[in-house]
There are 2 protein chains.
Amino acid sequence: MQNSPDSPPPTLLERIRSKITSGELEPGNPLSEVSLAQEFDVSRTPIREVLKQLQLEGLIEIRPKVGTFIREPNRREIVELFQLKEVLEGLAAALMARRGPCPELDQLEEIVAASEVSSNAGDTDTYASQVQDFHQTLVDGADNNKLVEQYSRLMNQLAYFRLVRKTLNHPGRAVDSSREHRQILTMIQDKDPFGAETTMRAHVFASTQELLVPQTRTTLSLERDS
Amino acid sequence: MQNSPDSPPPTLLERIRSKITSGELEPGNPLSEVSLAQEFDVSRTPIREVLKQLQLEGLIEIRPKVGTFIREPNRREIVELFQLKEVLEGLAAALMARRGPCPELDQLEEIVAASEVSSNAGDTDTYASQVQDFHQTLVDGADNNKLVEQYSRLMNQLAYFRLVRKTLNHPGRAVDSSREHRQILTMIQDKDPFGAETTMRAHVFASTQELLVPQTRTTLSLERDS
DNA sequence: GACCCTTTTGATGCATGCAACATAGCATCG
DNA sequence: CGATGCTATGTTGCATGCATCAAAAGGGTC
């Protein structure tokens, strides 16, 4: 009994999507309908429906009569997606601050406390997953289902996990990031929507800059190792 | 030769979607696959693919083994969608202000000028379409394709056109709205991203309030008329 | 008359087969 | 030797048929 009773089995859509977002399949790789059909032991028809939807989500590209390929967002698209990420997470912070106490707020407190430990310890693996949790919990805590939907689509497109690790490898970013998380949490607890949103956006922007200009921090890492 | 050479014929997805968003089909109405297949002279297979995608967009609900129905967003969902609309259009205004001169900026100038005329004249029909143009042009002018995508999905879900008319029927709202448009335009021209975003968000918020609390303005209109 | 069980109906879910087309490899010709 | 046209192959696009299931309709019983 691996499954808890109320967790439905993942749909075909989710299973195929996770094959892509998990990085199991390289960008540019062709995705044959027949091979997917064999792999998941269904016919081509449901596979085709899934692929069409994944195309709509921007994860794959279906070139008619040619084939289906995993899409790799180019730099411009990544910038565009991060601009959206900034305002969506900013909105989440503001909504959560307005909302007041809720289960997600307690979770946030725990996550931030734990992440302060791991960031100071330099445990980037643990911290990376805590960063994920922080942002996801914040979006969930906004109590806006449509926001959750749009946000998850966005994160799927970014294949975010592939990128976060890179950022956090920049020494010093983890502790900075952790401090920013604490600030945001405090502002939410103080019911300061404007402050929470502004700080959140600055935080996302800073993380984005780390990602898009990786060289600067890498230079710093050399200093640390010496 | 109705079609201009570079405008592709609307896809099946677009045709069926427009049947829903145009209000041609009432919410709650069943959408049979076979009847749609007959109407568009294709088989059920492509229809099914389209319906699955429309479900993902939130426009319809597919109840397995039962049927497909046009979804009507409830009040809570509408509030959620407008919260998103606020930040997305705010982002668009900020990006456009940062961007500087562009074709869309000139279009905006023309639209605002024309809408000032129609709003003062009380021509709500004309003004309603100009409002549409204003917001769409602003989003287009942000030069962020992902934003355009998310925004259009959002507007489809809102079936916005059905609602705008109601708002503008509130006497006085049109002129207020028009004045706000002018303010936003000026701030974009002045390259003031923060001001443009803030004003845009306030504008969207005000319009939303008009929609969700229709009674207030009706009361005010009595005062104004007296 | 109300309730429950059975039947019927109509819808979707999926498998399969064929058609259409883009691409690559190869033979042919200049 | 290079360019061009042809053919082979693999892919998607779509139509159709059957299986499956939910909900309504009907009949029987209490």
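A note on names: the letters A, B, ... follow the listed sequences, proteins ahead of strands, and every chain is numbered from 1.
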_Check: D/dA15 base within 3.5 Å donor-acceptor of B/T45 side chain_ = yes

*Can you tell me how far C1' of D/dG10 sits from CG of A/L36, to the nearest Å?*
15 Å

*Provide, to the nearest angstrom, the distance between the CG atom belonging to A/D41 and the P atom belonging to C/dT16.*
10 Å

_Output the rounded distance in Å from CD (B/E33) to C1' (D/dC14)._
14 Å

*asked:* Using salt bridge (charged side-chain N to carboxylate O under 4.0 Å, His left out), reason through A/E180 and A/R173 one step at a time and then give a plain yes or no.
replied: CA-CA 10 Å; A/E180 290 161 10; A/R173 177 57 196 155; 3.2 Å; yes

*Quickly work out the A/I62 CD1 to C/dA22 C1' distance and round it to whole Å.*
16 Å

*Between B/H203 and B/H181, what is the ring plane arrangement, given parallel below 30°, perpendicular above 60°, and tilted in between?*
perpendicular

*Please give, in whole Å, the distance from C/dT16 C1' to A/Q38 CD?*
14 Å

*Between P of D/dA22 and CD of B/E61, the distance in whole Å*: 16 Å

_Can you give me the closest heavy-atom contact between B/M96 and B/T137, atom names plus distance?_
SD-O, 4.5 Å

*Minimum-distance nucleotide to B/V42 side chain [options: D/dA22, D/dA15, D/dT12]*: D/dA15

*With a 4.0 Å cut-off on heavy atoms, is A/L31 in touch with a base, just the backbone sugar-phosphate, or nothing at all?*
sugar-phosphate

_Side chain of A/V66 (C-beta onward), nearest among D/dT11, C/dT23, C/dA11_ = C/dT23

*Do you know the tightest heavy-atom contact between B/R99 and B/G141?*
NH1-O, 3.0 Å

*Considering only C/dA15, C/dA11, C/dC18, which nucleotide approaches the side chain of A/R44 most closely?*
C/dC18

_Distance criterion of 3.5 Å, no angle test: do you see the side chain of A/K65 paired donor-to-acceptor with the base of D/dT11?_
no

*Send over the distance from A/E49 CD to D/dT12 C1', rounded to a whole Å.*
15 Å

*Length of the CD1-P vector between A/I47 and D/dT11, whole Å*: 14 Å

_Just N and O in the side chain of A/R63: are any of them under 4.0 Å from OP1 or OP2 of C/dC21?_
no

*Any chance you could measure A/L59, atom CG, to A/I70, atom CD1, to the nearest 0.5 Å?*
9.0 Å

*State whether B/S43 places a side-chain N or O below 4.0 Å from either non-bridging phosphate oxygen (OP1 or OP2) of D/dA15.*
yes

